[in-house]
Structures are given as C-alpha cells and as structure tokens.
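Here is the structure we will look at.
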Amino acid sequence: MKRTVILLILSTLLGCFSGCASTQNAQVAATTAPVYQFTSALCEGTGISVTRLITEKVSCLHDYSLNVRQVKAAEAADVIVISGGGLEDFMADLLDDSKRIDSSTGISMMGCEDHSHEDHHHEHDAHFWLSPMLAKQMATNICIGLSQKYPQHKSVFEQNLAQLHGQLDALQSYGESQLADLSCRELMTFHDGFAYFADAFNLTIVESIEEEAGSEASAQELKRLIGVVEDKDLPAIFTEVNGSVSAANIIAIHTGTEIFDLDMCMGSINYFGAMRRNIDTVKEALG
C-alpha cells in the first residue's frame, strides 16, 4: 500500500515537471491573450507548441514586468509573437529581431489622450485587436512571420488564416448589424483603449478616463464629467472589466446613469466571446 502511494506521488510530480517543462520549452511564445489565441489557431495541425506568457487578468501593461517562469519561457522559445505598438516595451531585452514577430506591422496606431490626473502617458494606443478588421491584419502578420520561420508549414498556416479571417469577418458583420440602430452612439469609457472598437462600429467616444489606484479623478474632473453626462444625456457609462469603478460610481450616483462593463480582451483567451459580449453590452446600454 505504501509503495503504491509513493508511486502515485512520483507520477504526479513527474507529470507536473513535464507540464512545466513543456510550457517553458514551447517553440512559440505569445505575449497577450489575443496574440496567443490567433497564434494557436494558425499553428493548429502543425504540431508546433505555443505558450502564453502573460496569463494574468490585466487590461494594460503599463508597469508590467516578467517573472522568472515567463523569462525562461521567452528565452527557450524559437519565436516570440508580440502585440506591438509599444505594448511590450518592458521586455525589449528579450526581443531580438531574429525571433520576434510583431503583429502590429503596417497598422496605423491611434494616439492616446493625455489626462491631467494620470501618472503615465503613452504615445500610441496599442489595443487595435478591438477592431475585427485590424485583428485580421494582426493575424496576417503573424501568419507571414510563422511562414518565414517554419516554411514547411506555410500551406497549413494559410489555410488556418483563411478560417480565422472568416471568423473575424463574421464578428464585424455581427457588430455592424447589432449596433446599426442605436438611440445613442456616444460612449464615455473608463479606459482609453476602446477607440478602435468605437471606430470599427461607427461609435464616438466623448470621454475616455484612465483611472488607476492612486490616480483617481479629482473633484474638479468629476464635476466636469458629470456635466458631460448631463449635457449629452448619456444613458450609460462604460467601465473596464478589470479596471477601477470609483469615479464611474460617483458619476452614476449624481446622474442616475447606468454603468456597464466592457472587456479589453486581454484577460481571456476567448477573444470572439469577449468581443461579442462587448457588442451585446453596447446594444443593451445604448439601444
């Protein structure tokens, strides 16, 4: 009996070590959830292993740093696929040109607004995957990079890309259909990364407030935002799933406006599910 228990424990430990090793020794490492999902879809049927570096539920990577596991996985990979647009500047030391695939190649970046209560400012908004059409370019860039690294699988990559493009076209059509006849097309968001989503579906962001712990909106800023909601008669304001809601709650109390959550699609590997929920949420809030 004792021998059986010992064997079971050893088997479990070996399985864990094997799983950890396979993650660290994956051929392709992808940084964020959207990059990981698209890369995994493109590699389906090739036998190429893909690991996701950033697994935490984050919406931005402003002050992010890699842990030991992530550094080892990145160093062991043949290829690192990144979102680009400056999002992964924190890991620049690991991103030599020989192993990097930048999914933002050729995509024109929108600028970020500068808010007086922020402690940081980024020149570009790198959340372009929130536009299905830009996500198609993102997937194409990854496909090109993978085909150059693994030319023997080029035809499979391209077949998978065609399927992925079809899914993204369907997502765009779904959003256009659902959001065609809204009673209001103006959004106040509590994250400055939803501009691509708004642009994709002919919406207008009247205010985007970047709020984090220690950089909350001032009383003067809150008063101004309350005035914007009242002047424009906004039926809803939108927070980010993993973001702060303190300012939104104050505005809602003073205006009676409802609060809805939108997802940056960085904390979930189900990009299509998260995007459809965003579309459905806007439909519910502004329909």
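The structure presented is a predicted model; accordingly, all values stated were derived computationally and were not measured. For the numbers below, each heavy atom of this structure counts, side chains included, while hydrogens, waters and symmetry mates do not.
Residues passing the side-chain hydrogen bond (donor to acceptor under 3.5 Å, both in side chains) test with Ser104 are Asp102, sequence neighbours excluded. Applying the side chain to side chain contact (heavy atoms under 4.5 Å, CB included) rule to Asp96 yields the partners Ser98, Lys99; only residues at least two apart in sequence or on another chain are considered. In this structure Asp261 satisfies the side-chain hydrogen bond (donor to acceptor under 3.5 Å, both in side chains) test together with Thr239, sequence neighbours excluded. Among residues two or more places apart in sequence or in another chain, the side chain to side chain contact (heavy atoms under 4.5 Å, CB included) test is passed with Arg224 by Glu207, Glu221, Val228. Lys232 is linked by a salt bridge (charged side-chain N to carboxylate O under 4.0 Å, His left out) to Glu186, counting only residues two or more places apart in sequence or in another chain. Applying the side-chain hydrogen bond (donor to acceptor under 3.5 Å, both in side chains) rule to Thr32 yields the partners Ser83; only residues at least two apart in sequence or on another chain are considered. Asp97 meets the side chain to side chain contact (heavy atoms under 4.5 Å, CB included) test with Arg100; sequence neighbours excluded. Remark: Gln159 pairs with no residue by the side chain to side chain contact (heavy atoms under 4.5 Å, CB included) rule, at least two apart or across chains.
Using a distance-only test at 3.5 Å, with no hydrogens or angles considered, no donor-acceptor pair links the side chain of Glu88 to the main chain of Ile82.
Listed by first then second residue, pairs satisfying ring pair (Phe, Tyr, Trp, His ring centres under 6.0 Å) with a partner in residues 145-167 number zero, not counting sequence neighbours. Residue pairs meeting the side-chain hydrogen bond (donor to acceptor under 3.5 Å, both in side chains) criterion with at least one member in residues 273-287, sequence neighbours excluded, are Tyr174-Asp280. Identified under the ring pair (Phe, Tyr, Trp, His ring centres under 6.0 Å) test for residues 248-287, with sequence neighbours left out: Phe38-Tyr271. Each salt bridge (Lys or Arg N to Asp or Glu O under 4.0 Å) pair with one or both residues in residues 171-184, not counting sequence neighbours, would appear here, but there are none.
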